[in-house]
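The block underneath contains the structure these notes are about, expressed in structure tokens.
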Amino acid sequence: MTQAIDRLISAGQTFTGLKCKECGEAYELGAKHVCEDVCFGPLEVVYDYDEIRRRVTRETIQAGPNSIWRYRHFLPVASEQPIDVGTGMTPLVQANRLARRLGLKRLFIKNDAVNMPTLSFKDRVVSVALTRARELGFSTVSCASTGNLANSTAAIAAHAGLDCCVFIPADLEAGKVLGTLIYAPTVMAVHGNYDQVNRLCSEVANTHGWGFVNINLRPYYSEGSKTLGYEVAEQLGWQLPDHIVAPLASGSLFTKIHKGFQEFVKVGLVEDKAVRFSGAQAEGCSPIAQAFREGRDFISPVKPNTIAKSIAIGNPADGVYALEIARKTNGNIESVTDAEVIAGIKLLAETEGIFTETAGGTTVAVLQKLVEAGKIDPEETTVVYITGNGLKTQEAVNGYIGEPLTIEPKLESFERALERAQTLGRLEWQQVLV
Ligand SMILES: Cc1ncc(COP(=O)(O)O)c(C=O)c1O
Ligand SMILES: [Zn+2]
């Protein structure tokens, strides 16, 4: 084994194997995600951090591409030419108006609503997973998705020339379905919820020899989310924030932001700091928030019923790890109602000009709830992760955002409509003038 690892490192590879997160059993770098020899725990990629430290400095990262691949030595791919469709390096925006509204001093939004190519953070995990799928010799890639992952997998597979078959619950939003079909993959719309789709896909993965990005390629795929940690640290001027708030579905994203921060500390790119991790769920699917509230260290699966479909996972694979991180960092996991999700979407749009989907509405609403409960200190530098785009979930806000004023192409018609709007208070002149 040691000789094999030495060979990998001399070939420029900084990842050396897979390891069970529970019992530590070692596995070869194949398409495998559970510890099938011992305990059925999840497998994780192992890195040689001494080697990463030798290769990587702030300067080498800054000289790299303007995408997630500037961090390629922290990612489990061997190719010199990974699939780079411009994924990552999304804006970190200082959100002064939202901060003022909530009573915070230093609030930032990591805006993956404008990630490339499909406007969600899933482009990060899929860019990594499909690069690795290609290295492992897969010609067909697949996924079990709540919507965004299907968009990403289909788009990036099209770019890479890989065959693609994605599985989604049949009741997804029109924008998510159209945003997958356009790339011409095979789309299986399953009568069932995400957890049922996922179970079906585990069976298909065993029989068809496809690369399922979030099943047999999951150890590689999930590492892509670490870039949401690296980018924030770099964009804050090589510093960690005090507090982060992120949405939770399977819990993977949350745990990988944590891992990303820790790795940057480990290799000396940033100074160590106690970062608090808070997670957001929608009440209609909040198994992790419930466990947090009740002080449990296990997750009781639930049947999802919420408009926040992208994060509606009733049996979250990484739920216990997310719980552990929230607890040990002195963070929180909260849930909000669907009405609060809609209010969260509107609040972010009206204060910051960012139109997010339901997952983002959930996160903003939880941010607000935590501030109101005194669980976020106004002095903390807080980063909120906005992970998806509102144009994909228009159904959620339809009927809650007013109507345009329809007028004739005549000045008097405009004047009349304007007067009516002002008396109805539709235009907030005070605010415009300030
Ligand atoms: C927009 C959006 N945000 C957050 C998540 C949560 O991801 P995870 O399963 O890694 O917790 C998802 C998952 O599908 C998503 O689509
Ligand atoms: Zn194990």
Side-chain angles (χ1 to χ4, degrees), residues 91-113 228-229 232 235-236 239-249 251 253-254 257-258 261 273-284 286 288-293 306-308 311 322-323 325-388 390 396-397 400 431 434:
L92 182 73
V93 186
Q94 185 150 12
N96 288 332
R97 295 192 73 237
L98 178 59
R100 218 174 305 133
R101 186 76 78 88
L102 298 177
L104 294 175
K105 300 243 170 78
R106 244 166 87 78
L107 176 66
F108 291 86
I109 296 196
K110 179 60 174 168
N111 186 9
D112 261 19
L228 274 172
V232 162
Q235 289 169 322
L236 285 175
Q239 277 182 355
L240 300 184
D242 297 314
H243 204 145
I244 71 104
V245 185
L248 301 168
L253 157 74
F254 192 74
I257 295 170
H258 185 258
F261 287 164
K273 187 181 203 182
V275 185
R276 300 173 68 198
F277 275 66
S278 290
Q281 296 210 290
E283 212 163 280
S286 50
I288 312 177
Q290 279 169 21
F292 185 87
R293 206 172 300 131
T306 169
I307 58 165
I311 49 171
L323 258 184
I325 288 171
R327 288 205 176 111
K328 80 174 177 214
T329 63
N330 196 24
N332 287 279
I333 299 178
E334 259 301 351
S335 60
V336 287
T337 63
D338 283 359
E340 290 171 315
V341 171
I342 295 166
I345 295 174
K346 292 178 66 177
L347 178 61
L348 183 65
E350 289 165 14
T351 54
E352 296 298 335
I354 294 172
F355 183 18
T356 186
E357 67 144 79
T358 46
T362 306
T363 311
V364 171
V366 163
L367 168 76
Q368 184 168 16
K369 198 164 173 176
L370 292 175
V371 174
E372 284 166 3
K375 291 175 176 168
I376 291 181
D377 185 332
E379 301 293 330
E380 286 180 311
T381 296
T382 300
V383 174
V384 175
Y385 284 90
I386 295 301
T387 50
V397 291
Y400 297 95
Q431 225 168 313
V434 168

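Heavy-atom basis, side chains included; hydrogens, waters and symmetry copies ignored. None of these values were measured; they are calculated from a predicted model.
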Nearest heavy-atom pair of T351 and R101: which atoms, and what distance? CG2-NH2, 3.7 Å
Is there a donor-acceptor pair closer than 3.5 Å between any side-chain N or O of T356 and the backbone N or O of G388? yes
State, with a plain yes or no, whether a side-chain heavy atom of L348 is found less than 4.5 Å away from one of I109. yes
Run V364 and I345 through side-chain contact (heavy atoms from CB on, under 4.5 Å) and show every step you take. CA-CA 7 Å; V364 171; I345 295 174; over 6 Å; no
Testing the basics here: between A291 and L323, what is the closest heavy-atom pair and its distance to 0.1 Å? CB-CD1, 3.8 Å
V371 side chain reached by T382 side chain, heavy atoms, under 4.5 Å: no
I'd like to know whether V275 forms a side-chain contact (heavy atoms from CB on, under 4.5 Å) with T329, so could you lay out the CA-CA distance, the side-chain angles of the two residues, the decisive distance to 0.1 Å, and finally the verdict. CA-CA 7 Å; V275 185; T329 63; over 6 Å; no
Which is it for T387 and I311 under the side-chain contact (heavy atoms from CB on, under 4.5 Å) test, yes or no, and what are the steps along the way? CA-CA 11 Å; T387 50; I311 49 171; over 6 Å; no
side-chain contact (heavy atoms from CB on, under 4.5 Å) between T381 and F108, worked out: CA-CA 8 Å; T381 296; F108 291 86; 3.9 Å; yes
Where R276 and E380 come nearest, the two heavy atoms and their spacing: NH1-OE2, 3.0 Å
By the definition side-chain contact (heavy atoms from CB on, under 4.5 Å), identify the one residue from V93, I257, L92 that meets it with K110. L92
To the closest 0.5 Å, what do you measure between CG (L102) and CD1 (I376)? 8.5 Å
Contacts of type ring-ring contact (aromatic ring centres under 6.0 Å, His included), residue F261, not counting sequence neighbours: F277
From V384, I386, L253, T358, residue fulfilling side-chain contact (heavy atoms from CB on, under 4.5 Å) relative to P247: L253
If you take all heavy atoms of A280 and T363, which pair is closest and at what distance? CB-CA, 3.8 Å
Any side-chain heavy atom of R106 within less than 4.5 Å of one from E379? no
Nearest atoms (heavy-atom pairs only) where T306 meets A282: OG1-CB, 3.4 Å
Are the side chains of L107 and L367 in touch, meaning some heavy atoms are under 4.5 Å apart? yes
Value for CG (L248) from CD1 (I333), rounded to nearest 0.5 Å, stands at 5.5 Å
Do R293 and S335 have side chains that get closer than 4.5 Å, going by heavy atoms? yes
Looking only at heavy atoms, the pair that brings E352 and N96 closest together is OE2-N, 3.5 Å
Quick test of your reading: applying salt bridge (Lys or Arg N to Asp or Glu O under 4.0 Å), list the pairs with at least one residue in residues 337-346, sequence neighbours left out, ordered by first then second residue. none
Are the side chain of N332 and the backbone of S278 linked by a donor-acceptor contact shorter than 3.5 Å? no
Can you tell me how far apart CD1 (I307) and CD (E357) are? Round to the nearest 0.5 Å. 10.5 Å
Salt bridge (Lys or Arg N to Asp or Glu O under 4.0 Å) involving K369 - partner list, sequence neighbours excluded: E334
In Å and rounded to the nearest 0.5 Å, what is the CG to CG distance from D377 to L370? 12.5 Å
